[in-house]
Amino acid sequence: GAMQSHEVLREVLKKTSAKQIAAEMGLSLSLIYKWAEPPSEATGSGAHNPLDRVDQLLQITKDARIAQWVCERAGGFFITNPQTPTPHTYSLIPTTNAIVQEFADMLAVIATAAADNNVTKEEARQIRRRWEDLKSVTEGFLRAAEDGNFAAAREVLPAKPKV
């Protein structure tokens, strides 16, 4: 499964000095080391680390913008894993149409923004959002294709009568 937050931080501390983190964040060195220890009620070692806090915030708010913000800060982007649907609900045509629609929406926003030969920060933000949506829908499509969900859908769906 996924790494625990303290395991991630233990790996991070192999590359970045705990002293530097402590100094730049104005925190004690022992706290930084505690972040990299497993939380244990019995021993009291391990401390709620910043990753646990972010996770808590995500669990409470159920708002992906928190993850999107973190990903953007790291120079990447956030994509929601598609729900694995039952074969009959995941048909190729609506999924393909969704990608085409997202692409069209993004192009429309780009065309509107560029119409006056100037792209404002707000317009750039709108284009970025559309681009993230397009990447997300396409990722869902690719995962379904890679998992063979589209092939399975053909077997389950009733054959269309020949006209």
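Residue numbers count from 1 along this sequence.
Here the closest non-hydrogen pair linking Ala124 and Val119 is N-CG1, 4.0 Å. The two residues Met106 and Leu134 come nearest to each other via the heavy atoms CE-CD2, 3.9 Å. Taking every heavy atom of both residues into account, Asp52 and Asn49 meet most closely at N-OD1, 2.8 Å. Of all non-hydrogen atoms in Asn118 and Glu123, the two that sit nearest each other are O-OE1, 3.4 Å. Minimum interatomic distance between Leu58 and Asp63 (heavy atoms only, all atoms of both residues): CD2-O, 3.6 Å.
More than 12 heavy atoms of other residues, nucleotides or ligands lie within 6.0 Å of CZ in Arg129, so this atom counts as buried by the packing criterion.
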Show, in sequence, the C-alpha distance, side-chain angles and deciding distance for Ile32 and Leu13, and conclude whether the side chain to side chain contact (heavy atoms under 4.5 Å, CB included) test is met. CA-CA 9 Å; Ile32 307 300; Leu13 290 180; 4.0 Å; yes
Is there a salt bridge (Lys or Arg N to Asp or Glu O under 4.0 Å) between Lys34 and Glu37 once you walk through the steps? CA-CA 5 Å; Lys34 278 186 178 163; Glu37 292 170 21; over 6 Å; no
Stepwise, does the side chain to side chain donor-acceptor pair (under 3.5 Å) test hold for Gln101 with Asn97? CA-CA 6 Å; Gln101 188 57 57; Asn97 288 348; over 6 Å; no
CA sep, side-chain torsions, deciding dist, call: Gln56, Gln59, side chain to side chain contact (heavy atoms under 4.5 Å, CB included): CA-CA 5 Å; Gln56 214 176 4; Gln59 300 310 316; 5.8 Å; no
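The same ILVMFWY cluster, assembled from side-chain heavy atoms under 4.5 Å apart, contains both Phe103 and Ile127. Note on Val8 and Leu27: same hydrophobic cluster, where clusters join Ile, Leu, Val, Met, Phe, Trp and Tyr whose side-chain heavy atoms are under 4.5 Å apart, directly or indirectly. Residues Leu57 and Leu51 fall into different hydrophobic clusters, defined by Ile, Leu, Val, Met, Phe, Trp and Tyr side chains chained together at heavy-atom separations under 4.5 Å. The same ILVMFWY cluster, assembled from side-chain heavy atoms under 4.5 Å apart, contains both Met25 and Leu31. Cluster annotation: Val70 and Val12 are assigned to distinct hydrophobic clusters (Ile/Leu/Val/Met/Phe/Trp/Tyr, side-chain heavy-atom contacts under 4.5 Å, transitive).
Atom CZ of Arg53 is separated from atom NE2 of His48 by 6.5 Å, given to the nearest 0.5 angstrom. Ile110 CD1 to Asp105 CG: the interatomic distance, rounded to the nearest 0.5 Å, is 11.0 Å. Distance check: Asp133 CG to Thr138 OG1 gives 10.5 Å after rounding to the nearest 0.5 Å. Atom CD1 of Ile99 sits about 10.5 Å away from atom OG of Ser136, to the nearest 0.5 Å. Once rounded to the nearest 0.5 Å, the distance linking OH of Tyr33 with CG of Leu9 reads 13.0 Å. With rounding to the nearest 0.5 Å, the separation of CH2 in Trp35 from OG in Ser30 is 11.0 Å.
Using a cutoff of 4.0 Å between basic side-chain nitrogens and carboxylate oxygens, Glu139 and Lys135 are not scored as salt-bridged. Under the 4.0 Å criterion applied to side-chain N and carboxylate O atoms, Arg125 and Glu122 are assigned as salt-bridge partners.
Between the side chain of Glu7 and the backbone N or O of Gln4 there is at least one donor-acceptor pair closer than 3.5 Å.
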Sequence neighbours left out, cut at 3.5 Å: what donor-acceptor pairs do the side chains of residues 15-23 make with other protein atoms?
unit_1 : atom_1 : unit_2 : atom_2 : d
Ser17  : OG     : Lys19  : N      : 3.2
Ser17  : OG     : Gln20  : N      : 2.8
Gln20  : NE2    : Glu24  : OE2    : 3.2

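The side chain to side chain donor-acceptor pair (under 3.5 Å) pairs that include a residue from residues 66-77 number zero, where partners must be two or more places apart or lie in different chains.
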